[in-house]
Student: 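Before anything else, here's the structure in question.
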Amino acid sequence: MTAPNVCKLCGAVTKKKPAPPAMKKSKAVALFGNSAASLARAVGLSRSRISQWPENLTQKQSDLVIGAALRLGKINHCDAGLQIHRAAG
């Protein structure tokens, strides 16, 4: 049995491992209510640009989606698997 992950920022305990850095376009659209138009507005692109994205998003595209989702409260830092802690020192 593996030990649960504990967020060093908020103390939340989760059994999930951090999310992989890239994501699927279908998951990105799902984060924004299954609406490509909502995703497009959130990341500042046109709906047609989103339709041109590949199913396996690039790191840059994933970063855009995760950043917009964090900013708009669709996910929190634990959901995103982020390590946003201050460096010890």
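None of the values given here were measured: they were computed from a predicted structure.
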Student: Keeping K25 on the side-chain end and W53 on the backbone end, is there a donor-acceptor pair under 3.5 Å?
Tutor: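 Indeed, once roles are kept as given, a pair shorter than 3.5 Å links the two residues.
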Student: With a 4.5 Å cut-off on side-chain heavy atoms, are I66 and I75 touching?
Tutor: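 Yes, their side chains come closer than 4.5 Å.
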Student: Between S62 and Q59, is any side-chain donor less than 3.5 angstrom from a side-chain acceptor?
Tutor: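 No - no donor-acceptor pair under 3.5 Å links their side chains.
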Student: NZ of K24 to CG of L57: how many Å apart, nearest 0.5 Å?
Tutor: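 Going from NZ on K24 over to CG on L57, the span is 9.0 Å.
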Student: Verify the distance criterion only: is there a donor paired with an acceptor across the side chains of R41 and S38 at less than 3.5 Å?
Tutor: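 Yes, a side-chain donor-acceptor pair sits under 3.5 Å.
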Student: What are the two closest non-hydrogen atoms of A36 and V29, and how far apart are they?
Tutor: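 Smallest interatomic distance, heavy atoms only, reads N-CG1, 3.9 Å.
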Student: Restricting to non-hydrogen atoms, name the atom on S51 and the atom on S48 that form the minimum distance, rounded to 0.1 Å.
Tutor: OG-O, 2.6 Å
Student: When rounded to the nearest 0.5 angstrom, what is the spacing between CZ in R47 and OG in S35?
Tutor: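 The distance works out to 8.5 Å.
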Student: Shortest non-hydrogen contact from A42 to A68?
Tutor: O-CB, 3.6 Å
Student: Would you say L39 and L45 make side-chain contact, with heavy atoms under 4.5 Å?
Tutor: no
Student: Main chain of G44, side chain of R49: is a donor-acceptor contact present, judged purely on distance under 3.5 Å?
Tutor: no
